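To start, the structure under review is shown below, and the notes come after it.
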Amino acid sequence: MRTKVAIIGAGPAGLLLGRLLDRAGVETVILERRSQEYVLGRIRAGVLEQGTVELLEKAGVSERLHADGLVHDGVELCFDGERHRFNFRELIGRTVTVYGQTEVTRDLMQARDASGATTIYRAENVSLHDFDGDRPTVRYVKDGIEHELACDFIAGCDGYHGASRASVPEGSIRTFERVYPFGWLGLLVDRPPVAEELIYAHHERGFALCSMRSHTRSRYYVQVPANEKVEEWSDDRFWDELRRRVDAETADNLVTGPSIEKSIAPLRSFVAEPLRFGRLFLAGDAAHIVPPTGAKGLNLAASDVGALAEALIEYYAERSSAGIDGYSARVLSRIWKAERFSWWMTSILHTFPDTDAFSRRIQRAEFDYLRSSDAAARSLAENYTGLPI
């Protein structure tokens, strides 16, 4: 088999790249080691920047997004029971949209299936070859049979543990990482959200977040130690802990119910450099991980593949390599800005093992500065709603 661009990974990054290229007439094949059902079963956040929404519009997959997505004009930050709302629309004229990553993936899958483009699920033992030359290939096993896919370029969109980054020679790549000593215990429940917008809460017991997926489905989080076991948390224990960490009004208005999903997500910051290796490009979680505090993960992946799609389309339409030559530097500039913002949000909202009285006073001072300074509030709004690429 041969194609122009082999895309490794059928998550939102790989599917969005495939969709953008398909609409420009650039042939792609997507290889995914998991089943389609497994990919759709991943529970992920879904706060979409305005730029991500515009990119999904460009891809022609925004109908359900606009029908079902919840447009938020701002967010609320809470420190030891004191809440303050930051109105992004008033501050900078931008908004965000809450629309689950699972739904983004579903929309992209359906569009790809309808287009007839090739996606191969349950592709096992994927390996990348000769991407430093002119004839890269991808080998894989499907139903016990070995296959080889020849291509012009390979896009590695297969996540942190995927084969793409692991295929790069050790001396050719540098990685930067910070692992946080806590995670987020998340609970999904079919109950109306406690507020119309997200509430980020700092408390001496730890961070909490009140979020949602729709008008009838809510997602809540509490900070827990990195070695915590989800089995140790009953629903009742979770709700009791959440109430302790939010303000009194939110605690009183909380509508609880039996969880339909509960899991713990570890927090880490990670960046790989560079992101181009001959005819192999890394994008999405294969290239970077951010703590979810800044709501940047899916948005960074979308901006990566938006830039990569532009570069590849330019290559095939104009035979110009300017875009692909500049891809790595271009997206890394935005990645590091997002890493900084996500680290900053994490540092002011969480309780660290070494947090002492001085550290909490600094966190409090940061919160007070945010709500008293128009410049600081605008900076928060600009970073949260979308960084320039």
Side-chain angles (χ1 to χ4, degrees), residues 3-32 48-62 65 101 104-105 107-119 128 131 136 138 149 151-159 162 164-165 272 274-288 296-335 338 386-389:
T3 191
K4 288 182 177 178
V5 181
I7 300 173
I8 316 300
L15 289 167
L16 180 55
L17 177 60
R19 178 66 176 169
L20 293 168
L21 293 177
D22 181 58
R23 286 170 69 87
V26 178
E27 182 188 26
T28 65
V29 171
I30 297 180
L31 300 176
E32 167 60 48
L48 306 183
E49 298 173 358
Q50 199 161 298
T52 301
V53 172
E54 292 168 359
L55 197 58
L56 292 170
E57 291 172 344
K58 182 178 179 181
V61 292
S62 61
L65 163 63
Q101 181 171 318
V104 173
T105 304
D107 294 340
L108 288 164
M109 278 184 176
Q110 290 176 349
R112 187 168 181 84
D113 290 344
S115 74
T118 301
T119 306
L128 285 57
F131 50 80
V138 181
L149 174 63
C151 55
D152 298 331
F153 299 100
I154 303 172
C157 304
D158 49 346
S164 297
R165 192 180 70 251
L275 300 179
R276 182 197 177 185
F277 308 90
R279 289 176 174 259
L280 167 65
F281 304 87
L282 302 182
D285 286 359
H288 47 73
K296 286 286 169 276
L298 176 57
N299 295 296
L300 265 186
S303 68
D304 290 351
V305 299
L308 183 54
E310 284 182 13
L312 291 170
I313 292 167
E314 177 188 65
Y315 174 84
Y316 284 107
E318 304 175 17
R319 307 310 296 180
S320 169
S321 62
I324 59 176
D325 289 343
Y327 166 75
S328 181
R330 181 185 180 192
V331 298
L332 277 168
S333 174
R334 188 179 198 269
I335 288 165
L387 296 156
I389 191 169

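None of these values were measured; they are calculated from a predicted model. Just so you know, these numbers use all the heavy atoms, side chains as well, and skip hydrogens, waters and symmetry mates.
- The environment of K58 atom NZ is sparse: at most 12 non-hydrogen atoms of other residues, nucleotides or ligands sit within 6.0 angstrom.
- With sequence neighbours left out, the side chain to side chain donor-acceptor pair (under 3.5 Å) criterion links D285 to no other residue.
- Interatomic distance, T119 OG1 to M109 CE, rounded to the nearest 0.5 Å: 8.0 Å.
- With sequence neighbours left out, D158 forms a salt bridge (charged side-chain N to carboxylate O under 4.0 Å, His left out) with no residue at all.
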- request: Evaluate the criterion side chain to side chain contact (heavy atoms under 4.5 Å, CB included) for residue pair D107 and L56; output intermediate values, then yes/no.
  value: CA-CA 10 Å; D107 294 340; L56 292 170; over 6 Å; no
Would you tabulate the side-chain donor-acceptor contacts of residues 24-32 under 3.5 Å, counting partners in other chains and residues two or more places apart, or write 'none'?
| from | atom 1 | to | atom 2 | distance (Å) |
| --- | --- | --- | --- | --- |
| T28 | OG1 | R112 | NH1 | 3.2 |
| T28 | OG1 | R112 | NH2 | 3.1 |
| E32 | OE1 | A10 | N | 2.8 |
| E32 | OE2 | R34 | N | 2.9 |

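- Here the shortest heavy-atom pairing between A301 and H288 reads N-CE1, 4.1 Å.
- Atom CG of residue L298 and atom OG1 of residue T105 lie 7.5 Å apart, to the nearest 0.5 angstrom.
- The CG atom of D22 lies 10.0 Å from the OG1 atom of T118; values are rounded to the nearest 0.5 Å.
- Expressed to the nearest 0.5 Å, how far CZ of R19 lies from OG of S115 amounts to 6.0 Å.
- Nearest approach of S164 to G156, heavy atoms of both residues: OG-CA, 3.1 Å.
- In this structure, C151 SG and F131 CZ are separated by 11.0 Å, a value rounded to the nearest 0.5 Å.
- Interatomic distance, L128 CG to L280 CG, rounded to the nearest 0.5 Å: 6.0 Å.
- Under a cutoff of 6.0 Å and an axis angle of 45°, R279 and F153 form a cation-pi pair.
- When all heavy atoms of A6 and V138 are compared, the closest pair comes out as CB-CG2, 4.1 Å.
- When each of L308, L282, L300, L275 is checked for a side chain to side chain contact (heavy atoms under 4.5 Å, CB included) with V331, only L275 meets the rule.
- The side-chain heavy atoms of T52 and V104, taken from C-beta on, include no pair separated by under 4.5 Å.
- Note on residues 307-316: pairs passing side chain to side chain donor-acceptor pair (under 3.5 Å), not counting sequence neighbours, are D152-Y316, E310-R330, Y315-R319.
- Between L108 and P12, the closest heavy-atom pair is CD1-O, 3.7 Å.
- When the salt bridge (charged side-chain N to carboxylate O under 4.0 Å, His left out) test is applied to D325, the partners found at least two apart in sequence or on another chain are R276.
- Checked against F281 for a side chain to side chain contact (heavy atoms under 4.5 Å, CB included), the options D304, I324, I7 give a single hit: I324.
- Scanning for side chain to side chain donor-acceptor pair (under 3.5 Å) contacts around Y327 gives an empty result, with sequence neighbours left out.
- The shortest non-hydrogen separation linking A283 to V305 is CB-CG1, 4.0 Å.
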